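Since this is a predicted model, take the numbers as computed values, not measurements.
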Amino acid sequence: MKRIKSILLLLFLGIIINSCSKEKIPERPMSQNDIWACYNNSEWNKLKIREKLIGSWKWIYTECFWFPENAKNTENENVQIDFLSDSTLNVIINGKLMSSTKWTVITEDTKFYGMKLDSHVTQLLYGRIFICDELVEFNDSYIDGCDNYFKKIQ
């Protein structure tokens, strides 16, 4: 009987320790191949990218080239980016306006599009812009940076 109690206690402690040590890590919302294929199903130009970005976007995932196992973070889980039609970009964290700047869609790497900001407000918007439905990826891993994914909320 004592042996059974010991085994049950160890199992119980193992479950508690295991459940406490696991941080909820978001998963990549779409594979790189799938978002690439989806993006390429449409004809894009600066104006179409701009029009699609106008609205509110919530951060959902980050993955970095150099440290993929460490970069699937949750530190940006309360970040929202608002792209306004007057070219204002607002960074909102936990429902509070943290910074604001002007934004422009630019040509990046001759055939892709990126973002130019008048002032540095966040590193989450670096790289090529790939849009698929209500998902946008700011793809910077092609130059050893991070890929940041946002889902449209408005």
Side-chain angles (χ1 to χ4, degrees), residues 15-154:
I15 290 170
I16 290 175
I17 290 169
N18 193 29
S19 66
C20 291
S21 65
K22 286 186 179 177
E23 178 184 351
K24 185 179 178 197
I25 298 174
E27 293 183 23
R28 181 186 291 267
M30 182 179 278
S31 75
Q32 196 63 53
N33 288 337
D34 289 345
I35 198 166
W36 176 259
C38 179
Y39 174 81
N40 283 314
N41 282 334
S42 297
E43 292 290 324
W44 295 102
N45 60 41
K46 290 178 190 177
L47 184 59
K48 287 181 182 178
I49 295 281
R50 175 185 160 68
E51 288 172 356
K52 187 68 176 175
L53 286 175
I54 292 174
S56 297
W57 297 80
K58 182 170 176 31
W59 174 91
I60 55 174
Y61 184 80
T62 294
E63 187 165 290
C64 296
F65 176 80
W66 287 106
F67 304 103
E69 69 282 354
N70 295 331
K72 296 172 186 158
N73 64 56
T74 57
E75 68 189 46
N76 296 310
E77 66 187 350
N78 297 312
V79 173
Q80 174 182 319
I81 306 292
D82 290 348
F83 294 94
L84 305 178
S85 59
D86 70 352
S87 298
T88 300
L89 179 144
N90 293 325
V91 178
I92 298 167
I93 301 175
N94 291 321
K96 294 182 181 178
L97 178 64
M98 300 305 286
S99 54
S100 188
T101 192
K102 292 293 185 179
W103 66 284
T104 308
V105 175
I106 60 170
T107 303
E108 181 117 354
D109 290 344
T110 66
K111 64 178 183 176
F112 298 109
Y113 301 95
M115 182 82 49
K116 179 180 181 275
L117 304 176
D118 282 357
S119 61
H120 176 75
V121 292
T122 180
Q123 74 264 8
L124 297 174
L125 306 177
Y126 292 151
R128 303 176 295 190
I129 299 170
F130 296 135
I131 297 174
C132 179
D133 300 323
E134 301 301 305
L135 184 71
V136 65
E137 175 192 1
F138 291 91
N139 172 263
D140 205 33
S141 62
Y142 75 105
I143 55 170
D144 298 343
C146 296
D147 296 335
N148 293 286
Y149 293 79
F150 292 81
K151 183 166 183 61
K152 195 164 200 175
I153 56 176
Q154 295 181 22

Side-chain heavy-atom pair Cys132, Met30 within 4.5 angstrom cut-off: yes
Close side-chain approach of Arg50 and Ser87, heavy atoms under 4.5 Å: yes
Main-chain N/O of Asp147 paired to Ser141 side chain as donor or acceptor, under 3.5 Å: no
Residue list, salt bridge (charged side-chain N to carboxylate O under 4.0 Å, His left out) with Lys52, at least two apart or on another chain: Glu134
Student check: side-chain heavy atoms of Tyr113 and Glu108 closer than 4.5 Å: no
Qualifying residues under side-chain hydrogen bond (donor to acceptor under 3.5 Å, both in side chains), relative to Asp133, sequence neighbours excluded: none
Nearest-0.5 Å distance that lies between atom CG in Asn90 and atom CD1 in Ile92: 5.5 Å
Polar side-chain atom of Trp59 near backbone of Tyr61 as donor-acceptor pair, under 3.5 Å: yes
Nearest heavy-atom neighbours spanning Ile131 and Ile49: CD1-CD1, 4.0 Å
Sole residue of Leu125, Ile81, Val136, Leu84 in side chain to side chain contact (heavy atoms under 4.5 Å, CB included) with Leu53: Val136
Donor-acceptor side-chain pairing of Thr88 and Lys102 below 3.5 angstrom: yes
Test item: side-chain donor near acceptor, Asn33 and Ser31, under 3.5 Å: no
Option passing ring pair (Phe, Tyr, Trp, His ring centres under 6.0 Å) with Phe130 (candidates Phe112, Tyr142, Trp44, Phe138): Phe112
Check: Lys116 side chain, Thr107 main-chain N or O, donor-acceptor pair, under 3.5 Å: no
